[in-house]
Amino acid sequence: MTRHTLHITLGTQRYAIQRPWGETDGVGGISDVATDAEGRIFVLLRQDAYTDPESPSVLVLSPDGRREHAFGAKEVADGHMFGVSPAGDVYVVDRDAHQVIIFNRHGKELGRIGERHQALRPFNSPCDIAFAPNGDIYVGDGYAAARVHRFSSAGTPLGGWGEPGRGPGQFLIPHAVWVQPDGTVVVADRDNSRLQFFTPTGGFIRSIDDFHKPMDIWGDAKGQLYVTDQVPRLSLLAADGALIGRGRAVLNGAHGVCQAPDGTILLAEMNPRRLSRLVPVD
C-alpha cells in the first residue's frame with residue numbers, strides 16, 4: 001500500500017504533513033508543544049503524575065525529533081499547556097493544581113506561581129501562559145474562572161481582567177493566550193468561539209469570531225498568528241487579525257501549536273496521541 005504525503009497551504013507557503021513525527025511512542029496524551037531558541041522541542045504530556053509517579057510530564061526532543069530526556073513526574077499533577085520563556089525556562093500550567101511550575105530546560109525546578117491546590121489564590125484551573133516583550137507574564141485562567149492574570153517577570157502580580165460572559169472583555173474559557181511583538185495580548189476565548197485582542201493592561205481592541213472553539217495560538221516575529229480550532233483546522237492571521245490562509249492539518253484538532261526556528265510547524269494532538277510536523281516545501 002502506498003503511503004501518500006499530504007499537503008496544506010497557508011497563504012503563499014505550502015507545507016508537507018509528517019505524522020506521526022518524533023520519538024513519542026508510548027507516551028500519554030500530547031497536550032502541548034513548544035521550542036526554545038536552539039530548536040529543542042518540549043512536549044507536554046497530559047497524565048496524572050500523582051497516580052503514576054514514574055510518568056514524566058515534559059518530554060524533551062532534539063530538533064530532529066530524537067528523545068533526549070524527560071522531567072516533571074513528581075512535580076506536575078495535571079499539565080495542561082506550557083510555554084518556554086525568552087530565557088529558555090519552561091513554565092508548566094498545572095491546571096487542576098491551580099499553579100504554574102517553572103523549570104529550567106534540564107528539568108530543575110526554579111519556582112512556582114500560585115498556591116498549590118488552593119483555588120482562587122490566584123488561579124482557578126488555569127489554562128495557558130505567554131510572555132510579553134518587556135518580560136511580563138500572562139496566564140489565561142481558565143476552566144473555572146474567566147480571567148487573564150498579569151505578572152512581572154519575577155512573578156509579582158500586576159493585576160488582570162475578565163469576567164464570565166459573552167461581551168467584550170468577558171470570557172467563556174480563556175483557553176490560550178499569546179502576546180504579539182507590540183505588546184498586544186491575544187486570547188483564545190474558546191467556548192465563545194472567538195479571539196479577543198487587548199492592550200497590555202486589558203483594554204479591549206477587537207474580536208474575531210470566525211473560529212469554532214479555538215484551542216491554541218502561536219505568533220511569529222512579524223506578529224502573524226497561527227491558530228488551531230476544533231473544525232479542525234489551522235489558520236494563519238496577519239498581525240491585525242486579517243485571515244491569510246487556512247488548512248486541515250490534523251484529524252481532530254490540535255490542542256497545541258508552535259513554530260520551530262527552522263520554520264517547521266509542530267502540532268500537538270490529543271487524539272490520536274501524536275505530534276504532527278508541517279515542513280515548508282516549494
Side-chain angles (χ1 to χ4, degrees), residues 6-11 13-15 17 19 21 29-34 43-44 46 80-83 93 95 125-130 138 140-143 146 148 162 165-180 184-198 205-220 223-259 264-278:
L6 303 177
H7 297 78
I8 67 167
T9 299
L10 299 176
Q13 182 60 61
R14 186 166 175 255
Y15 296 88
I17 302 173
R19 61 186 185 205
W21 183 83
I30 296 178
S31 193
D32 203 1
V33 59
V43 181
L44 185 64
R46 176 137 2 137
H80 180 256
M81 297 174 90
F82 65 169
V93 179
R95 179 180 54 183
S125 296
C127 295
D128 194 21
I129 190 165
Y138 291 85
D141 182 24
Y143 275 91
V148 173
R166 299 186 182 278
Q170 297 179 325
F171 302 111
L172 187 56
I173 305 183
H175 193 265
V177 60
W178 185 263
V179 186
Q180 294 177 290
T184 298
V185 180
V186 188
V187 181
D189 186 10
R190 190 186 73 180
D191 285 54
N192 278 325
S193 287
R194 64 186 180 183
L195 298 185
Q196 294 196 67
F197 292 68
F198 300 93
I205 299 174
R206 72 176 70 90
S207 176
I208 300 176
D209 302 325
D210 186 24
F211 295 95
H212 174 61
K213 295 189 175 181
M215 299 294 283
D216 197 17
I217 311 167
W218 188 91
D220 63 18
Q224 296 183 139
L225 301 172
Y226 296 80
V227 183
T228 66
D229 69 10
Q230 291 186 26
V231 170
R233 60 190 173 182
L234 174 65
S235 301
L236 174 61
L237 308 181
D240 64 358
L243 180 65
I244 296 174
R246 281 183 164 140
R248 185 179 185 274
V250 297
L251 295 181
N252 297 305
H255 196 266
V257 60
C258 74
Q259 188 177 53
T264 59
I265 298 171
L266 297 164
L267 298 163
E269 297 183 67
M270 288 288 295
N271 181 27
R273 299 176 175 185
R274 66 187 183 188
L275 283 181
S276 286
R277 186 169 80 151
L278 309 183

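Treat the numbers as computed from the prediction; the structure is a model and nothing was measured.
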Problem - D189 side-chain N/O to L172 backbone N/O, donor-acceptor pair under 3.5 Å - result: yes

Exercise for the section: Can you measure from OH (Y15) to CG (L10) and round to the nearest 0.5 angstrom? Expected result: 5.5 Å

Handout entry: Nearest heavy atoms of P214 and S193, plus distance in Å
Key = CD-CA, 3.7 Å

Problem - Any donor-acceptor pair under 3.5 Å from R95 side chain to G142 backbone - result: no

Handout entry: Residue pair S125 / D141: nearest heavy atoms and the distance that separates them
Key = C-OD1, 3.8 Å

Practice task
Using atom types as modelled and distance alone, determine if a side-chain donor or acceptor of D229 lies under 3.5 Å from a backbone N or O of P232.
Solution key: no

Practice task
Evaluate the criterion side chain to side chain donor-acceptor pair (under 3.5 Å) for residue pair S31 and R46; output intermediate values, then yes/no.
Solution key: CA-CA 6 Å; S31 193; R46 176 137 2 137; 3.1 Å; yes

Practice task
Find the distance between CD1 (I17) and CD1 (I8) and round it off to the nearest 0.5 Å.
Solution key: 5.5 Å

Exercise for the section: With rounding to the nearest 0.5 Å, note down the distance linking CG in L243 to CG in L225. Expected result: 11.5 Å

Handout entry: Minimum heavy-atom distance L251-P272, with the two atoms named
Key = CD1-CD, 4.3 Å

Exercise for the section: Please answer whether the main-chain N or O of V250 pairs with a side-chain N or O of S276 as donor and acceptor at a distance below 3.5 Å. Expected result: no

Exercise for the section: Would you confirm whether H175, through its side chain, and M215, through its main-chain N or O, come within 3.5 Å as a donor-acceptor pair? Expected result: yes

Practice task
Look only at the side chain of T228 and the backbone of L234, and say whether a donor-acceptor pair between them is shorter than 3.5 Å.
Solution key: no

Exercise for the section: Would you give the length of the straight line joining atom CD1 of I30 to atom CZ of R273, rounded to the nearest 0.5 angstrom? Expected result: 9.0 Å

Handout entry: Residues in side-chain contact (heavy atoms from CB on, under 4.5 Å) contact with A239, at least two apart in sequence or another chain
Key = Q180

Exercise for the section: Take V186 and V227, measure what side chain to side chain contact (heavy atoms under 4.5 Å, CB included) needs, and give me the verdict at the end. Expected result: CA-CA 11 Å; V186 188; V227 183; over 6 Å; no

Practice task
For residues A176 and M81, report the shortest heavy-atom separation together with the two atoms involved.
Solution key: CB-CE, 4.4 Å

Practice task
Please state whether the rings of W218 and W178 are parallel, tilted or perpendicular, taking 30° and 60° as the class boundaries.
Solution key: tilted

Practice task
Using a 4.5 Å cut-off on heavy atoms from C-beta on, say whether the side chain of D128 contacts that of P174.
Solution key: no

Practice task
Please tell me if the side chains of L267 and R19 come closer than 4.5 Å, counting only heavy atoms from C-beta onward.
Solution key: no

Exercise for the section: Taking D191 for its side chain and I173 for its backbone only, find out whether a donor-acceptor pair lies under 3.5 Å. Expected result: no

Exercise for the section: May I ask you to decide if P168's main-chain N or O and Q196's side chain share a donor-acceptor pair within less than 3.5 Å? Expected result: no

Handout entry: Any donor-acceptor pair under 3.5 Å from D32 side chain to L44 backbone
Key = no

Practice task
Name all pairs fulfilling the salt bridge (charged side-chain N to carboxylate O under 4.0 Å, His left out) condition that reach into residues 244-258, sequence neighbours left out, sorted by first residue then second.
Solution key: D210-R246

Practice task
Determine, step by step, whether Y138 and V187 satisfy the side chain to side chain contact (heavy atoms under 4.5 Å, CB included) criterion, reporting the C-alpha distance in whole Å, the side-chain angles of both residues, the deciding distance to 0.1 Å, and the verdict.
Solution key: CA-CA 10 Å; Y138 291 85; V187 181; over 6 Å; no

Handout entry: Any residue meeting side-chain contact (heavy atoms from CB on, under 4.5 Å) with I205, in chain and number order, not counting sequence neighbours
Key = T184, F197, T199

Fill in the blank from the handout: So CG of L278 and NE2 of H7: to nearest 0.5 Å the spacing works out to 10.5 Å

Completion exercise
Value for NE2 (H212) from CZ (R233), rounded to nearest 0.5 Å, stands at 9.0 Å

